[in-house]
**Q** 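Dropping the structure in here first, questions after.
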There are 2 protein chains.
Amino acid sequence: MTLSTAQRVADVLRERIEGGGLPPGTRLSEEALGRDLGISRNTLREAFRLLIHESLVVHRLNRGVFVRVVDPADVTDIYRVRAALECAGVRAAAGAGQPLREAVTAAVDGAERAAAAGDWQEVGSADLRFHRALAALSGSPRIDAAMDRLMAELRLAFHAMPSAHRFHEPFLERNRALATLLEDGEYGRAESELTTYLDDALELILGALQEREGENA
Amino acid sequence: MTLSTAQRVADVLRERIEGGGLPPGTRLSEEALGRDLGISRNTLREAFRLLIHESLVVHRLNRGVFVRVVDPADVTDIYRVRAALECAGVRAAAGAGQPLREAVTAAVDGAERAAAAGDWQEVGSADLRFHRALAALSGSPRIDAAMDRLMAELRLAFHAMPSAHRFHEPFLERNRALATLLEDGEYGRAESELTTYLDDALELILGALQEREGENA
DNA sequence: GCTAAGATATTGTTCAACAATTCTCAATAG
DNA sequence: CTATTGAGAATTGTTGAACAATATCTTAGC
């Protein structure tokens, strides 16, 4: 057995959460879930710890674990941190190695290919890879890890987005523009464009969240 | 009891580690520690997970957990992230609220008072507060949390520093200069000064680590 | 001195029982 | 009718034990 039971259970729960089967705010009862999955409470708790580390769920003492709720304040904060890390990457681009710079271009290429094929889910993945590649230009393992956690949190918020197509389409062109600016060494302009880019994306998401909020009235 | 057993155990271990009672590289035996602290292995492992999340200890599969060893590559990476977060704070200074800006000045004041009193340990604490206040200008809870983790990691490396006095003295003046630049709205100059400041500090620490490395030959 | 097989010790995983805490909900006082 | 309180139910926290998997140490043989 190369994968522990707890890991497999965590995989199942991760799928259910990201698939929408377990909506944000849901309480994950140890007894009910354990009986459902045929495992002991202790093993389930071990699985919870893995998901807590991914910040997919949160743990409240003596109250249990709940599927993470990402509210507008969280999304705003996530974009603040992204701006800091991705801008730092852009400013480090001049001194970054060739492989790191190529990863940026490769992500944009992938997004355009996926868009041409109409695979908008893959466009979304490529977009995440693009932004991760920007931050990775710093060459910092800690920044890479931080970006991964931020992206995992964002995925939860994306559940509220009505259409991946409509959300990602306008950014395809801007991704390409950013990549070109970097290739041309226009780091200052790339940074200011990236800043407004992130502000625009944040506003789109916040708008979608607010609309969805209105529905529950 | 408002704190879980695991949390209290984690607190005890954190103190022992930061106090030097458990030097970097020490293996934390589950059975021995559990017997020593009067808790079960399961609870101790829960405490370990909290410390792992703070990156005070590391876990190696089937080998147990060890007090974190911070090597030169780690220190370099930590300073890369600090540069990204603190510079982001400086650039957000214009839009930051009055309390956040006052915290920066207050930290510099505190450091100077402590230096005048000859309390160099307190100078070190005030210096950390100063840099945390810089990053906090972004107004981001996630950035605050990240800075706390980075500082905790750095404290482990500081154990290798021979003299807090010699290390901190030259930066007292530069802290004041930075705070003044911020008060005067000279954000561009503040950022470039901060960048060279962090580079200098990194070099000092790396030098000290290398010296200490030489001693163990 | 070095290698390999076996013995020992430690961590990984799972379980079931008990303790401590929170939650539910009806009864009561205002 | 609302707010409070308290007993009981439901849920999580903690423990100790057992067994499996892995690493480390010991020893025999070359």
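Lettering of chains follows the sequences in order, A, B, ..., and the numbering in each one begins at 1. This is a predicted model, so every value here is computed, not measured. Values below: all heavy atoms of this structure, side chains included; hydrogens, waters and symmetry mates excluded.
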**Q** How would you list, by chain and number, every residue that makes a side-chain contact (heavy atoms from CB on, under 4.5 Å) with A:E54, sequence neighbours excluded?
**A**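 Here the qualifying residues are A:R14, A:L51, A:L56.
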**Q** Rounding to an integer number of Å, can you tell me how far A:E30 CD sits from C:dA20 P?
**A**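 It works out to 18 Å between those atoms.
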**Q** For A:E31, does the CD atom have more than 12 heavy-atom neighbours from other residues, nucleotides or ligands under 6.0 Å away?
**A**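 Not more than 12 within 6.0 Å, no.
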**Q** When you get a sec, tell me which of C:dG12, C:dT22, D:dT15 is the closest nucleotide to the side chain of A:N62?
**A**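 Among C:dG12, C:dT22, D:dT15, the one nearest the side chain of A:N62 is C:dT22.
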**Q** Could you list the residues that satisfy side-chain contact (heavy atoms from CB on, under 4.5 Å) with A:A83, not counting sequence neighbours?
**A**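 Testing A:A83 for side-chain contact (heavy atoms from CB on, under 4.5 Å), a comparison that skips the adjacent residues, returns A:L198.
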**Q** Taking the side chain as everything from C-beta on, heavy atoms only, tell me whether A:R155 gets closer than 4.5 Å to A:L128.
**A**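 Yes, side chains in contact.
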**Q** What integer distance in Å separates A:L33:CG from D:dT11:C1'?
**A**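 Going from A:L33 (CG) to D:dT11 (C1'), I get 13 Å.
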**Q** Return the set of residues passing side-chain contact (heavy atoms from CB on, under 4.5 Å) with B:Q121 (not counting sequence neighbours), or none when no residue passes.
**A**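 For B:Q121, the residues satisfying side-chain contact (heavy atoms from CB on, under 4.5 Å) (neighbours in sequence not counted) are B:D119.
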**Q** Heavy atoms from C-beta onward define the side chain here; which of D:dG13, D:dA23, C:dT22 lies closest to that of A:R63?
**A**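 Nearest to the side chain of A:R63 among the choices is C:dT22.
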**Q** Which residues satisfy the side-chain contact (heavy atoms from CB on, under 4.5 Å) test with B:V123, sequence neighbours excluded?
**A**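 B:A114, B:A115, B:W120, B:H168, B:L172.
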**Q** Can you measure A:F66 atom CZ to C:dC23 atom C1' for me and round it to whole angstrom units?
**A**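 That distance rounds to 11 Å.
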**Q** Determine: side-chain N/O of B:H59 to OP1/OP2 of C:dG12, distance under 4.0 Å, yes or no.
**A**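 Indeed, a polar side-chain atom of B:H59 lies that close.
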**Q** Whole angstrom is fine here: how far is it from CZ in B:R8 over to P in C:dA20?
**A**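 Atom CZ in B:R8 sits about 12 Å away from atom P in C:dA20.
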**Q** List in numerical order all residues of residues 40-51 of chain A for which some heavy atom is under 4.0 Å away from an atom belonging to DNA chain D.
**A**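 Per residue number, the list reads A:R41, A:N42, A:R45.
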**Q** Starting at atom CG of B:L61, determine the distance to atom C1' of C:dT11, rounded to an integer number of angstrom.
**A**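 After rounding, the gap between these two atoms is 9 Å.
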**Q** Could you say whether A:G38 or B:L28 is positioned toward the 5' end of DNA chain C, judged by the nucleotide with the nearest heavy atom to each?
**A**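 Final value for this comparison: B:L28.
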**Q** Looking only at heavy atoms, what is the nearest atom pair of B:H131 and B:M147, with distance?
**A**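 Heavy-atom minimum between the residues: O-CE, 3.6 Å.
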**Q** Indicate for each nucleotide in nucleotides 5-10 of chain D, in 5' to 3' sequence, whether protein heavy atoms under 4.0 Å reach the base (B), only the sugar-phosphate (S), or nothing (-).
**A** ------
**Q** Give a yes or no on whether B:R132 atom CZ has more than 12 heavy-atom contacts from other residues, nucleotides or ligands under 6.0 Å away.
**A**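 Counting neighbours around CZ of B:R132, 12 or fewer heavy atoms of other residues, nucleotides or ligands fall under 6.0 Å, so no.
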**Q** Ignoring the backbone of A:R27, work out which of C:dT11, C:dG12, D:dT12 is nearest its side chain.
**A**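 Side chain of A:R27 sits closest to D:dT12.
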**Q** Between A:Y197 and A:N175, is there a side-chain donor-acceptor contact under 3.5 Å, judged purely by atom types and distance?
**A**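 Side chains of A:N175 and A:Y197: pair found under 3.5 Å.
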**Q** Measure CZ/B:R35 against C1'/D:dG16 and give the value in whole Å, please.
**A**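 After rounding, the gap between these two atoms is 15 Å.
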